[in-house]
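The model shown is predicted, which means the values in this text are computed figures rather than measured ones.
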Amino acid sequence: MKKYRNLFQEMRDFRKEFIIGPTAKLFEAVLEVMLPILMVRLVNSTLPSGSRATTVQIALIMIGMAFMGVCAAVICQYCAARACSGVSRNLRDRLMTKVNSFTVAQQEKCGVSYLGVAMTSDVNQVSLGVSMFIRLVFRVPFITIAGVLSAMSIDAPLSGVIAVGAAMFLLTLLLIIRVTFKKYKVVQKKLDHISRVVNERLSGIRVIRAFSREKHHEELTDEAAGAYAQEAISVSRYASLMRPLTILLTNFAVVFILWVGGYRINVGRITGVQLFAFIQYIFTIFDALNILGNLVVIFSRSFVSAERIEGILEIEPDTRVIEASEKDMLHDDKAIVKWKDVSFSYLQDKEDKEEYYALRDVSFELRKGEKLGVIGTTGSGKSTIVSLMLKLYDTTKGNIYIDGRPITSINETELRRRMSPVFQTTVLFAGTIRENLLLGNPEGLSDEEIAERCRAAQAWDFIEEKGGLDAIVEPRGKNFSGGQKQRLSIARALCAEGDILLLDDASAALDKDTSARLQEALKLHKEKTSRTMLEISSKISEIMDSDWIIVLDNGMVVGQGKHDDLLKECDAYAKIARSQEMGGVEG
């Protein structure tokens, strides 16, 4: 059971529920087993003698037992509800915390769909298993054993029928478990595939519609859903055998007992009331066995889901901080950021071939208060620079230094506190504008300081129109346009406490005039705050005033220098300039 230790750890917080709930259910089961015995006593002892007082007394006892059974069932249900909801809440919290601690590479290795299904379907399945454990796991064995013993007390030879029927049912149950447990693993994998396919289609819905590929992707989705349905139906066929097998065995047992029991009544071994009680025990026992079969199916799925959850919780976050030796440090280096022969591949497990590298032998440095511009064609590796700066991925070769320290020796929290990034894809969170702007500065800024940074980001005008800093932001910023969301992202980066500003195509959604005003405001902001800026752009007009520009092509640096020098000396830069009608040198 060591492989489920994380699950058991979450159950410890609900020890009371795991004790009180099954105890209450066990008490209910005791009452349920005693009722047929009281019924036999009522018929055999009280009715023939005509003792009305005794009849009323036993009837009141049975009514009281039924009432206590209802109370016990309510207590058990309450404990089960508290435990299963609490365990599922704690598991989701732990999973979310664990996933957030993963590097991007680890998240991609697990798969977004796998993690999503684990936090939804798998957690739900585990919580169902917890609920069933509290409600039924002790009741069913007790009902079965106590029912067999009670039947033996009525007529021992006849109770052999129950023992044989129960043994046959359990043997069949074990065979079904063996098949369904393996198949449920396949079912969950198919569910992962559906989640992955649907996520891909939804994220790319605009492109799909633009190229009229709806039909093709509907077929792909139908194919994934069909594969899942086929596996789910297959395992359901085996699981659905429980109920008919139980009914078949129950009816066979009842017919056999009526046949043999009739003979034993004739010879005076048992009475008709005892035979009736015996048949009631048969229904009770085999109904409990049927519940056991359903429990096994539920627990099979729960254990599969628990294994998947445990697999995620057992993954160690790849956030190792490697202590830098004296020789690894860059002494007397004035550069805040320095890249030294950095190469990176997203396919870390591939052979060491050049075509697998997103960046190759990239070197540059950036001093305090300077601005570095990065430009290149689409797919040249520009955005990868930001990912490596934030340590979302580790470099494949070479080193990155921050203040002379290797980036591998800097804790992620410390590193990212110094960075103020703006990504290509803007993300706003539900809440207020103020809460979104201060996401990277928990200590907060005054309203005047926030307004100043928003003006620099060209966002203050529409913020006032929306109602000010306390205006509501809907999930994903649905009540803002693309340009407004991008300007809010820039304002958020300016409000953050980081001294290194990372802009990754930050003005892609802005018009030319707004972009020009933004660049002028950012220049003034940099001069005022002495912030170091690394700006990635596809527009030369946004980086031409940089202290230093590097030009990327196919992951390699093909040019470094200032704007005017690159126009003369770098063909790739001059080509981009001509395409953007900025002149350039004919050659």
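- In this structure, the side chain of Ser88 engages the main chain of Cys84 through a donor-acceptor pair within 3.5 Å.
- With hydrogens and angles ignored, the 3.5 Å screen pairs no side-chain donor or acceptor of Lys338 with any backbone N or O of Arg367.
- Taken from CG in Leu494 to OG1 in Thr529, the straight-line distance is 8.5 Å, to the nearest 0.5 Å.
- Side-chain contact between Asp470 and Ile433 is absent, with no heavy-atom pair separated by less than 4.5 Å.
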Legend entry - Steps toward side-chain hydrogen bond (donor to acceptor under 3.5 Å, both in side chains) verdict (Gln484, Gln458): CA-CA 9 Å; Gln484 289 174 337; Gln458 309 303 304; over 6 Å; no

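- Nearest heavy-atom pair, Arg416 versus Leu390, reported as atom, atom and distance to 0.1 Å: NE-O, 2.8 Å.
- For Lys528 and Glu452, the salt-bridge test passes: some basic side-chain N is under 4.0 Å from an acidic carboxylate O.
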Legend entry - Stepwise side-chain contact (heavy atoms from CB on, under 4.5 Å) check, Arg476 with Phe429: CA-CA 5 Å; Arg476 295 182 177 271; Phe429 301 94; over 6 Å; no

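- When the salt bridge (charged side-chain N to carboxylate O under 4.0 Å, His left out) test is applied to Asp93, no partner is found at least two apart in sequence or on another chain.
- In this structure, the separation between CG on Leu552 and CG on Leu359 is 6.5 Å, given to the nearest 0.5 Å.
- Side-chain contact between Leu388 and Leu392 is absent, with no heavy atoms from C-beta onward closer than 4.5 Å.
- Residue Glu464 places its CD atom among more than 12 non-hydrogen atoms of other residues, nucleotides or ligands, all under 6.0 Å distant.
- The pair Glu316-Lys98 does not count as a salt bridge, with every side-chain nitrogen at least 4.0 angstrom from each carboxylate oxygen.
- Glu569 places no side-chain N or O within 3.5 Å of a backbone atom of Leu566 that could act as its donor or acceptor partner.
- Without hydrogens or angle criteria, Glu520 side chain to Arg517 main chain gives no donor-acceptor distance under 3.5 Å.
- A heavy-atom distance below 4.5 Å is not found between the side chains of Val551 and Gln560.
- Asn124 places a side-chain N or O within donor-acceptor distance of the main-chain N or O of Thr120, the cut-off being under 3.5 Å.
- Each of Thr426, Val422, Asn436, Leu438 was scored for a side-chain contact (heavy atoms from CB on, under 4.5 Å) with Arg492, with one residue passing: Asn436.
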Legend entry - Working for side-chain hydrogen bond (donor to acceptor under 3.5 Å, both in side chains), residues Ser446 and Glu449: CA-CA 5 Å; Ser446 66; Glu449 291 174 315; 3.2 Å; yes

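- Side-chain atoms of Ser546 and Glu535 include no donor-acceptor pair closer than 3.5 Å.
- Salt bridge present: Asp499 and Arg418 bring a charged side-chain N and a carboxylate O closer than 4.0 Å.
- Annotation: side chain of Val386 is not in contact with side chain of Ser383 (no heavy-atom distance under 4.5 Å).
- For the atom pair Ile402 CD1 and Lys391 NZ, the distance stands at 10.5 Å (nearest 0.5 Å).
- Using modelled atom types and a 3.5 Å distance limit, the side chains of Gln486 and Ser489 yield no donor-acceptor pair.
- Between Tyr114 and Ile312, some side-chain heavy-atom pair lies under the 4.5 Å cut-off.
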Inset, instruction - Show your working on ring pair (Phe, Tyr, Trp, His ring centres under 6.0 Å) between Phe344 and Tyr393 and close with a plain yes or no. - result: CA-CA 9 Å; Phe344 174 74; Tyr393 299 93; 5.4 Å; yes

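- If you take CD1 on Ile400 and NZ on Lys340, they are separated by 13.5 Å, rounding to the nearest 0.5 Å.
- No donor-acceptor contact under 3.5 angstrom links the side chains of Asn479 and Glu474, judged on distance only.
- Side-chain contact check for Ser507 and Glu542: at least one donor-acceptor pair (N or O, by modelled atom type) lies under 3.5 Å.
- Listed for the Ser515 side chain is no donor-acceptor partner under 3.5 Å among the backbone atoms of Asp511.
- Looking only at distances, a side-chain donor or acceptor of Gln107 sits under 3.5 Å from a matching main-chain atom of Val99.
- Of all heavy-atom pairs between Ile194 and Ala225, the closest is CD1-CA, 3.7 Å.
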Inset, instruction - Could you please spell out the steps behind the side-chain contact (heavy atoms from CB on, under 4.5 Å) verdict for Leu503 and Ile536? - result: CA-CA 6 Å; Leu503 305 177; Ile536 294 170; over 6 Å; no

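- Scanning both residues, Ile315 and Cys110, for their nearest heavy atoms gives CD1-SG, 3.6 Å.
- There is a side-chain donor-acceptor pair under 3.5 Å between Asp341 and Ser363.
- Shown here are the ring-ring contact (aromatic ring centres under 6.0 Å, His included) partners of Phe364, two or more places apart in sequence or in another chain: Trp339.
- Classification of Asp547 and Lys371 as a salt-bridged pair fails, no side-chain N sitting under 4.0 Å from a carboxylate O.
- Across all non-hydrogen atoms, the minimal contact from Gly129 to Ser302 is CA-OG, 3.4 Å.
- Comment: Lys539 does not engage Asp505 in a salt bridge, judged by the lack of any side-chain N to carboxylate O separation of less than 4.0 angstrom.
- When atom types are taken as modelled, the side chain of Arg455 and the backbone of Trp460 share no donor-acceptor pair closer than 3.5 angstrom.
- Across all their heavy atoms, Lys382 and Ile375 have their closest contact at CD-C, 3.8 Å.
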Legend entry - side-chain contact (heavy atoms from CB on, under 4.5 Å) between Ile463 and Leu488, worked out: CA-CA 9 Å; Ile463 289 176; Leu488 283 174; 3.8 Å; yes

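- Interatomic distance, Arg405 CZ to Leu415 CG, rounded to the nearest 0.5 Å: 9.5 Å.
- Here the side chain of Thr432 pairs no donor or acceptor atom with the backbone of Ile472 at under 3.5 angstrom.
- Atom OG of Ser343 is separated from atom CG of Asp361 by 4.0 Å, given to the nearest 0.5 angstrom.
- In terms of modelled atom types and a separation under 3.5 Å, the side chain of Arg531 and the main chain of Lys526 share no donor-acceptor contact.
- A pairwise comparison of heavy atoms in Ile490 and Ala457 identifies CG2-CB, 3.9 Å as the closest pair.
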Legend entry - Test log, rule side-chain contact (heavy atoms from CB on, under 4.5 Å), inputs Leu501 and Leu534: CA-CA 6 Å; Leu501 194 61; Leu534 190 156; over 6 Å; no

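- Sparse packing is recorded around CD of Gln230, with 12 or fewer heavy atoms of other residues, nucleotides or ligands lying under 6.0 Å away.
- With a 6.0 Å radius and a threshold of 12 heavy atoms from other residues, nucleotides or ligands, Lys485 has its NZ atom above the threshold.
- In summary, the side chains of Tyr346 and Thr384 do present a donor paired with an acceptor at a separation below 3.5 Å, with no hydrogens or angles considered.
- In the model, Trp548 has no side-chain atom that pairs as donor or acceptor with a side-chain atom of Glu370 under 3.5 Å.
- Between Asn441 and Arg417, the side chains place no donor N or O within less than 3.5 Å of an acceptor N or O (distance only, hydrogens not considered).
- In summary, the side chains of Ser305 and Gln125 do not present any donor paired with an acceptor at a separation below 3.5 Å, with no hydrogens or angles considered.
- A cation-pi contact, defined as under 6.0 Å to the ring centre and within 45° of the axis, is absent between Lys189 and Tyr228.
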